[in-house]
Protein chains: 2
Amino acid sequence: MNTRMSADDRRELVLQAATRAFAQGGYAGTSTDKVAREAGVSQPYVVRIFGTKLELFLEVFERSTLRIRDAFAEVVDDPTFDPTAEDAREQLGLAYTALLADRDLLQVMMHGFSGGGHEEIARSARACMARIFETVRRTGWSDDEVRDFVAHGMLINVMLAMRAPEHVDEDPQIAALAACAFGDALEFLT
Amino acid sequence: MNTRMSADDRRELVLQAATRAFAQGGYAGTSTDKVAREAGVSQPYVVRIFGTKLELFLEVFERSTLRIRDAFAEVVDDPTFDPTAEDAREQLGLAYTALLADRDLLQVMMHGFSGGGHEEIARSARACMARIFETVRRTGWSDDEVRDFVAHGMLINVMLAMRAPEHVDEDPQIAALAACAFGDALEFLT
DNA sequence: GGCGTAAGTAATCATTCAATGCCTTCCAAG
DNA sequence: CTTGGAAGGCATTGAATGATTACTTACGCC
């Protein structure tokens with residue numbers, strides 16, 4: 001039997017569990033029961049906290065993508081950051097690869113992006129993408145440069161979702177792509 | 001009541017319907033019943049044809065991504081194609097934007113890529129990615145150039161999945177990103 | 001023209017899933 | 001001590017869903 005907990009603390013705990021669960025299965029592929037078991041709580045309780053599975057997912061998605069946006073913002077808004085420097089792009093990229101330590105965030109983002117089945121998820125995804133684009137834009141880079149940066153991020157997400165890093169030894173093509181997509185960060189990915 | 005049809009023809013028809021259905025909802029978010037209704041056929045019949053929902057999805061995914069690969073191959077293997085030309089990248093990009101006419105192919109690819117929940121889907125996704133990467137590589141471009149090209153494709157997929165083209169007028173950031181992601185092709189996207 | 005095989009469906013089943021309602025238990029204030 | 005509110009589980013339910021089985025109907029071939 002779990003000890004009692006303040007509602008806010010429990011809510012936070014369930015959110016973390018849901019992030020893990022949704023990162024694996026996406027919205028449709030994850031049951032509230034799975035989230036509940038992951039959180040060590042009864043299934044009806046998780047839907048009671050969030051009202052609806054959709055609302056839970058939206059909250060997980062929103063907070064995950066905001067976390068990602070913040071990681072960029074921290075670099076971009078740093079006064080010592082020089083967007084015109086030779087390695088500026090690499091520097092911002094580091095902020096992203098640092099997120100690889102918690103793959104769940106990126107996977108949740110990915111699932112939200114491709115979960116366009118529900119209009120509400122698609123809307124939230126657009127808002128998230130807009131926020132991230134705006135943040136990277138603050139570097140002053142050209143729109144094409146920003147686009148290339150964001151696109152590279154999407155490739156990383158996809159490669160991560162298909163578990164490419166864990167299977168580089170099975171396919172030389174995947175190995176080559178993973179090498180130039182993840183760069184030095186590849187070695188840290190299992 | 002529908003007229004009888006040869007098994008192969010019916011199979012093809014169901015595959016097309018399934019492509020439409022899966023493009024919308026992804027693997028987990030699409031029921032075999034939905035596919036059946038889309039195909040104008042009974043639900044037990046579609047699972048009888050393909051044995052299992054997973055096998056159906058894998059076949060839809062495989063054929064969709066092969067179609068995409070072929071679109072690239074047609075350009076790359078064309079003897080008149082000059083990979084060192086100034087507009088070579090744009091030329092190959094055209095092969096991709098041409099696929100936008102049938103958004104379903106790209107959406108199915110997207111869902112397969114992010115559907116890493118099932119190991120079998122993830123494996124198929126890696127194989128698909130490997131094939132596409134290998135094809136674009138045949139241009140002789142550097143791996144980094146190929147990576148950038150593929151990454152741009154992923155961004156297009158994501159933007160499409162979140163229905164960005166239909167909502168450019170709601171968010172200036174999305175509008176800017178869509179403008180430089182889709183280029184001239186944007187006007188043809190509703 | 002009848003017969004065998006293939007095309008297709010209706011009925012049904014066992015699960016799974018999201019959601020609701022009611023009950024229990026703990027803690028804090030009076 | 002007791003009482004009330006909040007934390008949280010339990011039982012349940014109705015709808016979906018994937019899959020199986022048995023049955024029916026059309027068509028090609030002799």
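Lettering of chains follows the sequences in order, A, B, ..., and the numbering in each one begins at 1.
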**Whole angstrom value for the distance that separates P of C:dA11 from CG of B:Asp33** = 15 Å

**Item:** Atom-to-atom span, OH of A:Tyr45 to C1' of C:dC17 - whole angstrom
**Value:** 21 Å

**Message:** If I take atom CE in residue A:Met5 and atom P in nucleotide C:dT25, what distance separates them, rounded to the nearest angstrom?
**Reply:** 20 Å

**Prompt:** Is the centre of the B:Tyr27 ring less than 6.0 Å from the centre of the B:Phe61 ring?
**Reply:** no

**Message:** What is the distance, to the nearest angstrom, from the CD atom on B:Gln43 to the C1' atom on C:dT9?
**Reply:** 11 Å

**Item:** Under 3.5 Å side-chain donor-acceptor pair for B:Ser124 and B:Glu62
**Value:** yes

**Request:** Specify the separation, in whole Å, of atom NZ of A:Lys53 and atom C1' of D:dA16.
**Result:** 12 Å

**Prompt:** Any chance the side chains of B:Asp78 and B:Thr80 put a donor and an acceptor closer than 3.5 Å?
**Reply:** yes

**Asked** What nucleotide, of D:dA7, D:dT21, D:dG9, holds the atom closest to the side chain of A:Val41?
**Response** D:dG9

**Prompt:** Nearest-Å distance, CZ (A:Arg10) to C1' (D:dG9)?
**Reply:** 11 Å

**Request:** Mind checking A:Ser31 for me? I need base, sugar-phosphate or nothing, with any heavy atom below 4.0 Å counting as a touch.
**Result:** sugar-phosphate

**Asked** Counting just side-chain N and O atoms, does A:Thr32 come under 4.0 Å of either OP1 or OP2 of C:dA18?
**Response** yes

**Asked** Could you give the CD-to-C1' distance, from B:Glu55 to D:dA19, as a whole number of Å?
**Response** 13 Å

**Prompt:** Can you tell me if the side-chain N/O atoms of B:Ser42 get under 4.0 Å from OP1 or OP2 in C:dG8?
**Reply:** no

**Asked** How do A:Leu54 and B:Ala7 order along DNA chain C: which one's closest nucleotide is nearer the 5' end?
**Response** B:Ala7

**Prompt:** What does A:Thr52 touch in the nucleic acid at a heavy-atom separation under 4.0 angstrom: a base, only the sugar-phosphate, or nothing?
**Reply:** sugar-phosphate

**Prompt:** Are the side chain of B:Arg138 and the backbone N or O of B:Val76 linked by a donor-acceptor pair below 3.5 Å?
**Reply:** no

**Asked** Do B:Ile49 and B:Leu56 belong to the same hydrophobic cluster, where Ile, Leu, Val, Met, Phe, Trp and Tyr are linked whenever their side-chain heavy atoms lie under 4.5 Å apart, directly or via other members?
**Response** yes

**Request:** Mind calculating the distance between CZ (B:Arg4) and P (C:dT5) to the nearest angstrom?
**Result:** 15 Å

**Side chain A:Arg48 and base D:dG8 donor-acceptor under 3.5 Å** = yes

